[in-house]
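In what follows, a structure is listed as structure tokens, so that the remarks can point back to it.
Protein chains get the first letters and strands the later ones, always in sequence-line order, with residue 1 at the start of each.
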Amino acid sequence: MPELPEVETTRRGLAPHLEGRRVTGVVLRRPDLRWPIPAEVGRDLPGRRIEAVRRRAKYLLLDTDAGDSALLHLGMSGMLRVLPADTPVGTHDHVDLALDSGRVLRFTDPRRFGCLLWQPAGTTHELLQGLGPEPLSGDFDGDRLYRLSRGRSAPVKTFLMDQRIVVGVGNIYAAESLFRAGISPLRAAGKVSRERYVALAGAVREILAYAITRGGTTLRDFLDPDGAPGYFEQELAVYGRGGLPCPACGTALREASIGQRASVWCPRCQR
DNA sequence: CATCGGACCTGTTAGC
DNA sequence: TGCTAACAGGTCCGAT
């Protein structure tokens with residue numbers, strides 16, 4: 001489900017419900033997510049006040065008044081919603097954080113590829129180290145892509161989805177960005193010119209920023225914390241449209257697996 | 001180091 | 001209609 005726009009949509013939906021609220025209790029129904037939920041979540045979080053809800057890459061951080069943070073990743077199927085405390089619990093509702101507002105923050109994740117971890121005060125969690133720049137920040141540009149790609153033989157799509165290069169770009173937005181920039185996803189990263197990487201960086205930035213304004217992409221089940229779907233799906237140019245006509249030139253869109261991920265592109269517009 | 005394949009887990013959909 | 005296989009928005013890990 002979640003790439004940067006969906007995680008950012010989640011963050012924006014959560015913030016007004018969480019910031020300034022105190023956690024009054026934690027219910028762990030299934031601690032065996034991608035990694036076990038550490039004891040601190042159940043032991044230390046109750047009583048803390050949440051000061052900020054932040055996003056780094058596809059991770060969310062709930063910063064507390066003690067300086068520590070709960071660190072969340074939604075994996076492929078994770079969802080966070082703020083619900084009335086008496087909302088019936090479903091099969092995949094793994095964690096509740098009860099709030100002093102009387103509501104609960106509920107973490108739901110059928111596939112359990114997501115995680116809920118703990119970042120002690122004054123530390124940066126290991127998973128957050130080594131990440132590339134935020135694509136919507138000034139640290140990300142075509143020159144960086146050009147420099148880091150020299151000598152690389154992997155497909156440019158795989159390169160773009162590497163979170164050490166730039167964060168937040170997953171399978172949907174990689175496909176859309178490459179289409180907008182006119183670059184074939186199969187091209188070796190090391191053989192894309194500086195000029196074309198400048199176009200790609202611009203495309204990534206524009207598409208992610210726009211997708212956020214649409215509330216992200218809902219393919220099957222993404223909902224923001226208030227239960228609303230995203231509307232960017234209606235504007236996808238290539239993702240999920242293999243065999244259909246290219247929106248720019250009408251050529252049938254090609255579909256193939258690249259780096260184990262389904263990929264779609266226009267063989268005429270993208271070289 | 002870079003790259004590739006496999007693994008994690010469940011639900012939905014395509015195909016026979 | 002029913003069963004089975006393939007596939008899904010992510011990313012870590014080990015082998016090469």
Side-chain angles (χ1 to χ4, degrees), chain A residues 1-11 29-37 55-60 71-80 90-94 107-117 125-132 135 147-178 185-191 204 207-208 211-212 214-224 229-236 238-243 255-264:
Chain A
M1 164 198 5
E3 300 182 38
L4 186 147
E6 292 73 41
V7 179
E8 178 62 21
T9 295
T10 299
R11 190 197 69 75
R29 297 190 189 83
R30 253 206 102 141
D32 57 328
L33 305 183
R34 169 150 203 179
W35 291 286
I37 297 172
R55 179 188 59 74
R56 171 71 174 113
K58 299 173 192 170
Y59 292 91
L60 287 168
L71 177 66
L72 289 141
H73 195 289
L74 301 176
M76 290 276 263
S77 57
M79 179 160 45
L80 288 164
T91 316
H92 304 296
D93 293 340
H94 307 311
F107 181 55
T108 305
D109 185 9
R111 292 177 74 178
R112 286 185 282 123
F113 286 176
C115 61
L116 168 52
L117 300 169
H125 197 282
E126 198 174 291
L127 291 171
L128 301 183
Q129 293 174 26
L131 291 174
R147 269 186 294 109
L148 294 179
S149 63
R150 291 311 86 185
R152 293 222 190 185
S153 62
V156 61
K157 176 165 180 269
T158 304
F159 174 73
L160 186 61
M161 290 171 66
D162 184 337
Q163 304 296 298
R164 293 168 299 189
I165 305 303
V166 61
V167 302
V169 181
N171 205 30
I172 295 178
Y173 297 104
E176 296 297 308
S177 300
L178 287 162
L186 290 169
R187 182 164 296 279
K191 294 198 166 173
V204 166
I207 286 175
L208 293 180
I212 291 169
R214 309 302 293 148
T217 300
T218 296
L219 292 181
R220 347 186 120 66
D221 51 13
F222 171 70
L223 301 176
D224 78 12
Y231 295 100
F232 190 71
E233 183 198 359
Q234 298 158 25
E235 325 209 18
L236 295 174
V238 293
Y239 183 89
R241 304 189 68 246
E255 188 165 22
S257 183
I258 301 174
Q260 332 263 69
R261 308 304 299 276
S263 305
V264 184

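Residues forming a salt bridge (Lys or Arg N to Asp or Glu O under 4.0 Å) with A:Arg241 (at least two apart in sequence, or on another chain): none.
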Distances under 3.5 Å between protein N/O atoms and the N/O atoms of nucleotides 11-16 of chain B, please, pair by pair.
| from | atom 1 | to | atom 2 | distance (Å) |
| --- | --- | --- | --- | --- |
| B:dG11 | OP1 | A:His92 | NE2 | 2.5 |

Extract from the structure each pairing of a protein N or O with an N or O of nucleotides 13-16 of chain C at less than 3.5 Å, listing the distance.
none

Under-3.5 Å N/O pairs linking protein and nucleotides 3-7 of chain B:
| from | atom 1 | to | atom 2 | distance (Å) |
| --- | --- | --- | --- | --- |
| B:dT3 | OP1 | A:Ser153 | N | 2.9 |
| B:dT3 | OP1 | A:Ala154 | N | 2.9 |
| B:dT3 | OP2 | A:Arg152 | NH1 | 3.1 |

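Nearest to the side chain of A:Arg112, among B:dT10, C:dG10, C:dA8, sits B:dT10.
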TODO: Dot-bracket for DNA chain C, please, read 5' to 3', with Watson-Crick or G-U wobble pairs under 3.5 Å on both distances, ( ) within the strand, [ ] crossing, | other strand, . unpaired.
DONE: .|||||||.|||||||
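Between A:Tyr173 and C:dG9 there is no side-chain N or O to OP1 or OP2 distance below 4.0 Å. For C:dT11, the OP1/OP2 oxygens have a side-chain nitrogen or oxygen of A:His73 closer than 4.0 Å.
Nucleic acid contact class of A:Tyr59 (heavy atoms, under 4.0 Å, all strands): sugar-phosphate only.
Applying the salt bridge (charged side-chain N to carboxylate O under 4.0 Å, His left out) rule to pairs touching residues 152-166 of chain A yields A:Asp162-A:Arg164, sequence neighbours excluded.
A:Phe232 has its ring centre less than 6.0 Å from the ring centre of A:Tyr173.
The stacking criteria are not both satisfied for A:Phe113 over the base of C:dT11, which would need a centre-to-centre distance under 5.5 angstrom and an angle between ring planes under 30 degrees.
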